[in-house]
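One-based numbering, in listed order, for ligands and for the atoms of each. Computed from a prediction, not measured in an experiment: that's the story for all the values here. Note that the numbering runs from 1 along the sequence shown for the chain.
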Amino acid sequence: MSRIASAPARINLLGEHVDHQGGTVLPVAVNLRTTVTYTAGDAWSFRSADHAPDGTWRRYVQGVIDVLAEAGHAPRPGEIEIASTVPEGRGLASSAALEVAVAGALCDAPPFELAHLCHKAEAENVGVPCGIMDQFAAACAIAGHVLVLDCADERFFHLPLPPVELLVFDPGLERRLADTPYAERRAEAQTRGTPAARHVADERARVDRGIELLDAGDIEGFGALLYESHASLRDLYRCTTPRIDQYVAQLSQVPDVYGARMIGGGWGGAVLALAEPGTRLESAMNLLSDDALTIHA
Ligand code: GLA
């Protein structure tokens, strides 16, 4: 008996580092995916054509199996085979895509529950006190829509994405979130008046405004919020890098680009640009991959 499940990578349009503070986030699933084939057998074995043999991905897979067992889903041992087009450590939530694909192949829980189980697996086994955005995006996002997710009560709805080109740039700064000050900055954000807390308050206001602008199809106005978000991540949350700042500064000079910012946990990762449909910037920068040059929602 074999079962196949897959889950997408995400970009986050706006609402960075607000999920762990109960804010609203705006992730979009993109056309980079992790697919898992599970074949029941006598013992567990994990294989991946797209990961280093002894990489941390094994911990994620085992973490999901453990959490499913604790939650009463007790998957039968078997072979887990993984194929993925999601680059790791680039702010595209590769671990969430992997966790949700594994969980989806091993049990029939509905998307909302998959997101929760996988968030638990991430927090317990990987040691990063991350919010719920990535696992919810991997489990619940639908193509061509923004997942408007309120991380305080976990209610969400799908907002159609207006016509826009989503470009993702890879400044070549791979990192593991567990090796960054993610936890330290999250703790700072809980103390009123600190720079990190100010970022969270301002970013939450930007998300509220951003939803209105998206709803009205005002991508130009929405793009301006991306630049503001980036400046706040740089100056208040202090999680960008000089190289990433340079990318965003260069992108701000390109006429067809409405807005750009670092996405994901930070201290590395990817840069997102929102541009006029049809925009191609291949010669300008080192892009993620040819396929991902223009990622599709
Ligand atoms: C990582 C975490 C998310 C979120 C983002 C920053 O992707 O996994 O929960 O906190 O960083 O917005």
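- If you number the atoms of ligand 1 from 1 as listed, the ones under 4.0 Å from a heavy atom of E16 come out as 5 (C), 6 (C), 12 (O).
- Between atom CD of residue E165 and atom OG1 of residue T279 there is a gap of 6.0 Å, rounded to the nearest 0.5 Å.
- Between H17 and Y237, the ring planes are parallel. Angles under 30° get that label, and only those over 60° would be called perpendicular.
- Looking at atom 8 (O) of ligand 1, its nearest protein heavy atom turns out to be D134 OD2, 2.8 Å.
- Taking the six-membered ring for Trp and the full ring otherwise, the centers of F136 and H116 sit less than 6.0 Å from each other.
- Counting atoms of ligand 1 from 1 in the listed order, those under 4.0 Å from a heavy atom of M133 are 4 (C), 5 (C), 12 (O).
- The contact set between ligand 1 and H20, taken as ligand atoms under 4.0 Å from a residue heavy atom, comprises 10 (O).
- In this structure, T194 contributes its side chain and A197 its backbone to a donor-acceptor pair below 3.5 Å.
- Nearest to atom 10 (O) of ligand 1 among the protein's heavy atoms is Y182 OH, 2.5 Å.
- Residue-to-ligand polar distances keep N12 apart from ligand 1: every N/O pair is separated by 3.5 Å or more.
- Within 6.0 Å of CG on D42 lie no more than 12 heavy atoms contributed by other residues, nucleotides or ligands.
- Heavy-atom separations between G264 and ligand 1 include at least one value shorter than 4.0 Å.
- Residues F46 and H51 place their aromatic rings such that the two centres sit no closer than 6.0 Å.
- What sits closest to atom 11 (O) of ligand 1 on the protein, heavy atoms only, is G265 CA, 3.1 Å.
- Contact atoms of ligand 1 toward L177: 1 (C) (distance under 4.0 Å to a heavy atom of the residue).
- The ring pair (Phe, Tyr, Trp, His ring centres under 6.0 Å) check on F222 picks up nothing, with sequence neighbours excluded.
- Numbered from 1 in the order shown, with element, the atoms of ligand 1 that lie under 4.0 Å from a heavy atom of G131 read 9 (O).
- Between I82 and V61, the shortest heavy-atom contact is CD1-CG2, 3.9 Å.
- Atom numbering of ligand 1 starts at 1 in the shown order; those under 4.0 Å from a heavy atom of D19 are 3 (C), 4 (C), 9 (O), 10 (O).
- Against a heavy-atom cut-off of under 4.0 Å, R10 is close to the following atoms of ligand 1: 7 (O).
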